[in-house]
2 protein chains.
Amino acid sequence: MPRQVDYEERRRRIAEAVCTLIARSGMEAVSLRDVAAQADVSMGAVQRCFRTKEDMLLFALKHVSQHVSERANQRIAATHTPQAAATLLSHTLAELALLDEASKTQAHVWLAFVAHAPASEKLAAVLHDTYAELHRLIAWLIRYGQDTQEVLQGLDAEHEAHTLLALADGLTVHVLAGQHTPATALALLQRHIDVLLTNPSDRG
Amino acid sequence: MPRQVDYEERRRRIAEAVCTLIARSGMEAVSLRDVAAQADVSMGAVQRCFRTKEDMLLFALKHVSQHVSERANQRIAATHTPQAAATLLSHTLAELALLDEASKTQAHVWLAFVAHAPASEKLAAVLHDTYAELHRLIAWLIRYGQDTQEVLQGLDAEHEAHTLLALADGLTVHVLAGQHTPATALALLQRHIDVLLTNPSDRG
DNA sequence: CACGTTCTGATGCACTTGCATCGTATCGCA
DNA sequence: TGCGATACGATGCAAGTGCATCAGAACGTG
């Protein structure tokens, strides 16, 4: 058995390079050569890792999706000291909205992929699954809040989750478009969540 | 004075072709040759109309933006028989959200441009202006509704307008991503508007 | 230390891209 | 009807694309 390489690690490294390039100058600016240069590997290495360019882009999308989902799940799972459900809801949505400066790259990439999803079956599938998972998560949080009497009982958790997700996505877009600062977007999101709470001062 | 051509008409024709191609297979699939073929003109004609490809894309974006803004404005201006402010608000937002099947192409194009705005100064400027105008419009409608006692007095029209716009955009994205049908998205939007009304049955 | 397998990266190739060029067709006007 | 300005569209061109190829380096194993 000759020289062995950690392909997973390399794939991730290349995916990061793809994201950097997409965030910098859009999706059509991503060429195999540029990716190789950005990831500091040879073009041959890229081609060995991914059969085609489309495979590479798809992997990059999954990479980002996974990153976002995981972060949201961890935020919840890591809550040893039981937090207020309302706080949890606020923080989780704030993270999903990719509002902070550090998430800007991911937001760029996400938007680029959403824009191209209609032209690619597989891409659309990944996005669909990710959204479904996030929706499940938010709806669960809302029901949890209702159990703890923090969220109004009359609300339909499924509907409110859809609305919250759409609002979060819309705000992400508006921040990227320079229409809002992350801070004002966050405030708008919080204002909307407050309406759902029995006691708005419960905010996190 | 020799052969004269209606350049504006041709520009619009080419812009339509650009939109069709973007909607069909994304922005990077738009080449001058494809555009020429789609618009059923020669490549030379395209090059005569637009100095560069970027100019062409920019014009296409303005074309769509203008189309959307105009439709919203007309909806309001054409209201001879005074409609309920709440109805006006609902209908206007529903149109802006580009939810119906007929607007799907425009939604595609809008999304493609938003995704590429971070990579293009001029593109971002056009989007910024369009959003500002739409925000002004929605805020005005809310204040109008407050004047007619249809919308709750305590609301901050500016804030609510931002939220509504973000929600509309988010829903547009979700519909394009196949997460919602236009009908369910519309219902979600309406549910949110209802919360702002003094008498929710006023819906249009 | 060789052997054989795996990985590498440079190069080639067919193709497409945006843009420039230029002879020709087309029209308004004298 | 002929002139001259204008628009046309085919073609050329250099650059860049994704992907295939392949000689050789790098490495674990006998």
Side-chain angles (χ1 to χ4, degrees), chain A residues 1-22 24-61 112-113 115-116 119-123, chain B residues 1-61 109 112-113 115-116 119-123:
Chain A
M1 266 227 228
R3 163 127 70 126
Q4 284 298 357
V5 169
D6 185 346
Y7 277 101
E8 280 312 307
E9 201 282 329
R10 190 195 294 269
R11 265 202 253 271
R12 265 178 274 125
R13 180 205 192 94
I14 292 175
E16 293 292 337
V18 170
C19 292
T20 302
L21 289 180
I22 288 183
R24 182 184 305 156
S25 37
M27 195 154 179
E28 67 265 30
V30 174
S31 76
L32 293 187
R33 285 164 180 81
D34 290 349
V35 170
Q38 176 71 35
D40 206 35
V41 298
S42 76
M43 242 187 78
V46 175
Q47 291 184 265
R48 185 159 303 275
C49 277
F50 301 103
R51 215 172 46 75
T52 68
K53 184 185 181 182
E54 198 193 345
D55 283 357
M56 182 183 74
L57 294 176
L58 199 61
F59 181 89
L61 170 59
F113 279 120
H116 288 68
S120 160
E121 196 80 14
K122 296 174 184 173
L123 230 117
Chain B
M1 273 281 181
R3 164 127 71 127
Q4 283 299 357
V5 170
D6 185 346
Y7 277 101
E8 280 313 308
E9 202 282 330
R10 189 193 295 271
R11 267 203 251 270
R12 265 178 275 127
R13 180 203 192 94
I14 292 175
E16 293 292 337
V18 169
C19 292
T20 303
L21 289 179
I22 288 182
R24 182 185 303 156
S25 35
M27 197 154 178
E28 66 266 28
V30 174
S31 76
L32 293 186
R33 284 164 179 81
D34 290 348
V35 169
Q38 176 70 34
D40 206 35
V41 299
S42 76
M43 240 186 79
V46 175
Q47 290 184 263
R48 186 160 303 275
C49 278
F50 301 105
R51 214 172 47 76
T52 69
K53 184 186 181 182
E54 199 194 342
D55 283 356
M56 181 182 74
L57 293 176
L58 199 62
F59 181 89
L61 170 58
V109 175
F113 279 120
H116 288 66
S120 161
E121 195 79 15
K122 296 176 185 172
L123 230 118

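Below, chain A is the first sequence line, B the second, and so on; all start at residue 1. These figures come from a predicted structure and were not determined experimentally.
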For B:Glu8, all residues meeting salt bridge (charged side-chain N to carboxylate O under 4.0 Å, His left out), sequence neighbours excluded: B:Arg11
Any side-chain heavy-atom pair of A:Ser120 and A:Glu54 under 4.5 Å: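 A side-chain contact exists here, since the closest heavy-atom pair is under 4.5 Å.
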Residue list, side-chain hydrogen bond (donor to acceptor under 3.5 Å, both in side chains) with B:Glu28, at least two apart or on another chain: A:His116
Test side-chain hydrogen bond (donor to acceptor under 3.5 Å, both in side chains) applied to B:Thr52 - qualifying residues, sequence neighbours left out: none
Residues within residues 11-26 of chain B bordering DNA chain C, heavy-atom distance below 4.0 Å: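 None, since no heavy atom is under 4.0 Å.
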If I take atom [atom1] in residue [X] and atom [atom2] in nucleotide [N], what distance separates them, rounded to the nearest angstrom?
X       : N      : atom1 : atom2 : result
B:Asp6  : C:dC27 : CG    : P     : 15 Å
A:Asp55 : D:dG18 : CG    : P     : 14 Å
B:Lys53 : D:dA15 : NZ    : C1'   : 14 Å
A:Glu54 : D:dC19 : CD    : P     : 9 Å
B:Glu28 : D:dG18 : CD    : P     : 11 Å

Contact residues, residues 30-37 of chain A to DNA chain D [heavy atom, < 4.0 Å]: A:Val30, A:Ser31, A:Leu32, A:Arg33
B:Arg13 side chain vs B:Ala39 backbone, donor-acceptor pair below 3.5 Å: yes
Check: B:Lys53 side chain, B:Val30 main-chain N or O, donor-acceptor pair, under 3.5 Å: yes
Look up atom [atom1] in [X] and atom [atom2] in [Y], then write down how far apart they are to the nearest 0.5 Å.
X       : Y       : atom1 : atom2 : result
A:Arg33 : A:Ser42 : CZ    : OG    : 12.0 Å
B:Leu21 : B:Gln38 : CG    : CD    : 5.0 Å
B:Arg48 : B:Met43 : CZ    : CE    : 12.5 Å

A:Glu121, CD atom: more than 12 neighbouring heavy atoms under 6.0 Å: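 Atom CD in A:Glu121 is not packed in, count stays at 12 or less.
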Option from B:Ile14, B:Leu61, B:Val109 for which side-chain contact (heavy atoms from CB on, under 4.5 Å) with B:Cys19 holds: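 Between B:Cys19 and the candidates, side-chain contact (heavy atoms from CB on, under 4.5 Å) is satisfied uniquely by B:Val109.
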Would you list the protein and nucleotides 20-23 of chain C atom pairs, both N or O, that sit under 3.5 Å from each other?
{"from": "C:dA20", "atom 1": "N7", "to": "B:Gln47", "atom 2": "NE2", "distance (Å)": "3.3"}
{"from": "C:dA20", "atom 1": "N6", "to": "B:Gln47", "atom 2": "OE1", "distance (Å)": "3.3"}

Of the listed nucleotides D:dC8, D:dC19, C:dC7, the one nearest the side chain of B:Ala45: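 Of all the options, the side chain of B:Ala45 is nearest to D:dC8.
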Most 5' of A:Ala29 and B:Arg10 on DNA chain D, judged by nearest nucleotide: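 Result: B:Arg10.
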